[in-house]
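Have a look at the structure below, then the notes.
Letters go in sequence order (proteins before strands), and every chain restarts at 1.
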2 protein chains.
Amino acid sequence: MVVAKSWTMVKHFDGAPKPEDFKLVENELPALKDGELLLESVFLSVDPYMRPYSRRMMKEGDVMIGSQVARVTESKNREFPVGGYYVAQAGWRTHFISDGKGLQALPSGWPESLPKSLALGAVGMPGLTAYFGLLEICSPKERDVVLVNCAAGAVGSVVGQIAKIKGCKVVGSAGSDDKVAYLKEIGFDEAFNYKTVSSLDEALKKASPEGYDCYFENVGGKFADAALQQMKDFGRISVCGAISMYNDAVPPPGPYIQPYILFKQLRMEGFIVSRWKNRFEEGGKQLLQWVLEGKVKYHEHVTNGFENMPAGFMGMLKGENIGKAIIKV
Amino acid sequence: MVVAKSWTMVKHFDGAPKPEDFKLVENELPALKDGELLLESVFLSVDPYMRPYSRRMMKEGDVMIGSQVARVTESKNREFPVGGYYVAQAGWRTHFISDGKGLQALPSGWPESLPKSLALGAVGMPGLTAYFGLLEICSPKERDVVLVNCAAGAVGSVVGQIAKIKGCKVVGSAGSDDKVAYLKEIGFDEAFNYKTVSSLDEALKKASPEGYDCYFENVGGKFADAALQQMKDFGRISVCGAISMYNDAVPPPGPYIQPYILFKQLRMEGFIVSRWKNRFEEGGKQLLQWVLEGKVKYHEHVTNGFENMPAGFMGMLKGENIGKAIIKV
């Protein structure tokens, strides 16, 4: 008999998530039926999207949404033998029963030496988000100048490195000097700490006096206001996130951006990575290859212990992580 | 000896243009040199873009920018015989000397019976703006719902009619009951007076409860805020104008739109029609054909007399026109 732990959302977040918004619950799992398998989580993912999607996809009392790398510990399904590792959209749970549907195997060619947690990061959803969101929406060309914020995060760090692979000049913004140092280390041409620069406008101008062709947007708000003014004509903006606004119930006021969009002939497009789900295999294969070749470097910010998952989540939302925030059970 | 009259901008507009911002000046034109020709304006165009572009392209004292249909009255250039009609970017002038460069002939197949002023309207720059801005950026498909504001204007009225030709449902917003009646007359499925509806949100919902696939944007501001909320997922927004903001020195505050762009996966793109200049012949030919077939109807709001051109311009900015605002010399 297995006891599964899970984290539920007690009530909808009001502003920044707080410890009392989460509750750890335990459930005994029933015996497996034919065709079923039991999985145990090894790594769990905490990602920015969970904040806005908690309101869109969850009701109070639900288990928190999210993906994990899980190992099969018992199986009555020959397709999923004991010991296999899968990525599952199973929420914040230590154990769960599955009929196999929706479980994703790790990309083929995954070497034993590579941490399986990367299937939640550079070779998983965040990597795919960077890959498709940059290449399909920004269409970066050689020598384009690419701007990315949250650049030391799970998505941003991959965006910058893919842009370098494509021959672009890459400018990143991040929220600490350590993150800025990390960005230089992984090949960003320019990087700055947005919290300590005296002016965002000046920092953006200094990093690329000619302006920006592509802007991969994770933040929104005042950063976006400044960045839009530095776009070149015909610039492309991929709106992946708006983390500066996730804790606001309604979008706060800012300057209307339509005049910039109009007179610079900018294209701005929002996306959710699932729109490319039919191409995830292609993307995963490419990302794995780049990681194995050392062209996409990765860093993980690991929080140990399932019981610390809310803390890991809240810390990630505050920007405590360099690279992918992972919970190790 | 010919005396050319022209309207200059005395000083940069501060808010809405006022009569004292304009000055009528007279100049004697010199005799023609070999290769030159003298043209006399027949129709002049007043368009919304002149307001924002006065600051971008003109200095104080310059002749107002703009296009006109002009007739050759004297020629020392065999390629441009006396009596020919051309569209010229000659500004607000009654006469001018040209070496022929930049003069555009009317689209081929132009019948004698068709007013030549249409080369400034439905078959000219505004028509091309509608044609390319709708088809290239919104990519409307059959049965898509298309929203356009300033719908009774020179561009909007053509946008709606092209969308009908493409099999879309078309919703238009305009600023008077007469304009709304005109929109119904030229085939819009739904139209409303944005000045008298009790709620823009409700008016937009009522006109298309399922939302909008395409949004051709001429206005910006509060209209855009409401329209963005009614977009369907994967909606396309063509930003052609922002007339509600042209008199503001800096964009006023409004709600950040990035969350809408993100979660609905919208694509928003600004454009200036000159980007398609290599395809103007194609567009002009198609527009002329649709006009001759009666598929694109037109209406002109004519101000008589060159001396009344500033009044015609100011009236157009206030929305006094149905269809294209034209100055007849």
Side-chain angles (χ1 to χ4, degrees), chain A residues 48-49 51-53 55-57 129 133 136-137 215 217-225 227-229 231 233-276, chain B residues 48-49 51-53 55-57 129 133 136-137 215 217-225 227-229 231 233-276:
Chain A
Y49 78 84
R51 172 65 185 86
Y53 278 84
R55 194 164 285 273
R56 287 161 185 269
M57 296 175 64
T129 300
E136 295 298 315
I137 294 187
Y215 170 27
E217 164 72 297
N218 288 310
V219 173
K222 290 189 191 309
F223 192 97
D225 300 340
L228 278 169
Q229 297 191 45
M231 295 301 292
D233 285 358
F234 299 104
R236 288 87 64 194
I237 301 162
S238 181
V239 182
C240 171
I243 198 167
S244 72
M245 294 185 252
Y246 286 162
N247 287 329
D248 300 311
V250 293
Y256 279 113
I257 64 174
Q258 284 89 334
Y260 299 111
I261 300 272
L262 173 56
F263 294 117
K264 289 174 184 259
Q265 306 194 57
L266 306 178
R267 189 176 70 214
M268 175 183 257
E269 183 167 354
F271 75 95
I272 296 165
V273 69
S274 56
R275 72 155 88 170
W276 292 290
Chain B
Y49 77 84
R51 172 65 185 86
Y53 277 84
R55 193 163 285 273
R56 287 161 184 270
M57 295 175 65
T129 300
E136 295 298 316
I137 294 187
Y215 170 26
E217 164 71 298
N218 288 310
V219 174
K222 291 191 190 310
F223 193 97
D225 300 339
L228 277 170
Q229 297 191 45
M231 295 301 292
D233 285 357
F234 299 104
R236 286 87 64 196
I237 302 162
S238 181
V239 182
C240 171
I243 199 168
S244 72
M245 294 185 253
Y246 285 163
N247 288 328
D248 300 312
V250 292
Y256 279 113
I257 63 174
Q258 284 90 333
Y260 299 111
I261 300 271
L262 173 56
F263 294 116
K264 290 174 184 261
Q265 306 195 55
L266 305 177
R267 190 177 69 216
M268 174 182 258
E269 183 166 352
F271 75 94
I272 296 164
V273 69
S274 55
R275 72 156 88 168
W276 293 291

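- The choice from B:K264, B:Q258, B:R236, B:M268 that makes the most heavy-atom pairs within less than 4.5 Å of chain A is B:M268.
- Ring-plane geometry between B:Y246 and A:F263 is classed as tilted, the angle between the planes lying from 30 to 60 degrees on a 0 to 90 degree scale.
- Ranked by heavy-atom pairs under 4.5 Å with chain B, the first of A:L262, A:I261, A:L266, A:V239 is A:L262.
- The pair B:R267-A:E136 fails the salt-bridge criterion, with no side-chain N (NZ, NE, NH1 or NH2) lying under 4.0 Å from an Asp/Glu carboxylate O.
- For the pair B:F223 and B:V219, the tightest heavy-atom approach, listed with the atom from each and the gap, is CB-CG1, 4.1 Å.
- Ranked by heavy-atom pairs shorter than 4.5 Å toward chain B, the options A:G241, A:A242, A:G221 are led by A:G221.
- In this structure, the portion of A:M245 lying under 4.5 Å from any heavy atom of chain B is its side chain and not its backbone.
- Using a distance-only test at 3.5 Å, with no hydrogens or angles considered, a donor-acceptor pair links the side chain of A:S238 to the main chain of A:G133.
- Of the residues considered (A:Q265, A:E269, A:E217), A:Q265 shows the highest number of contacts with chain B, using heavy-atom pairs under 4.5 Å.
- Heavy atoms closer than 4.5 Å to chain B are found in the side chain of A:R56, but not in its backbone.
- Neither the backbone nor the side chain of A:D233 comes within contact range of chain B, judged by heavy atoms closer than 4.5 Å.
- Side-chain N/O atoms of A:D248 and B:Y256 include no donor and acceptor closer than 3.5 Å.
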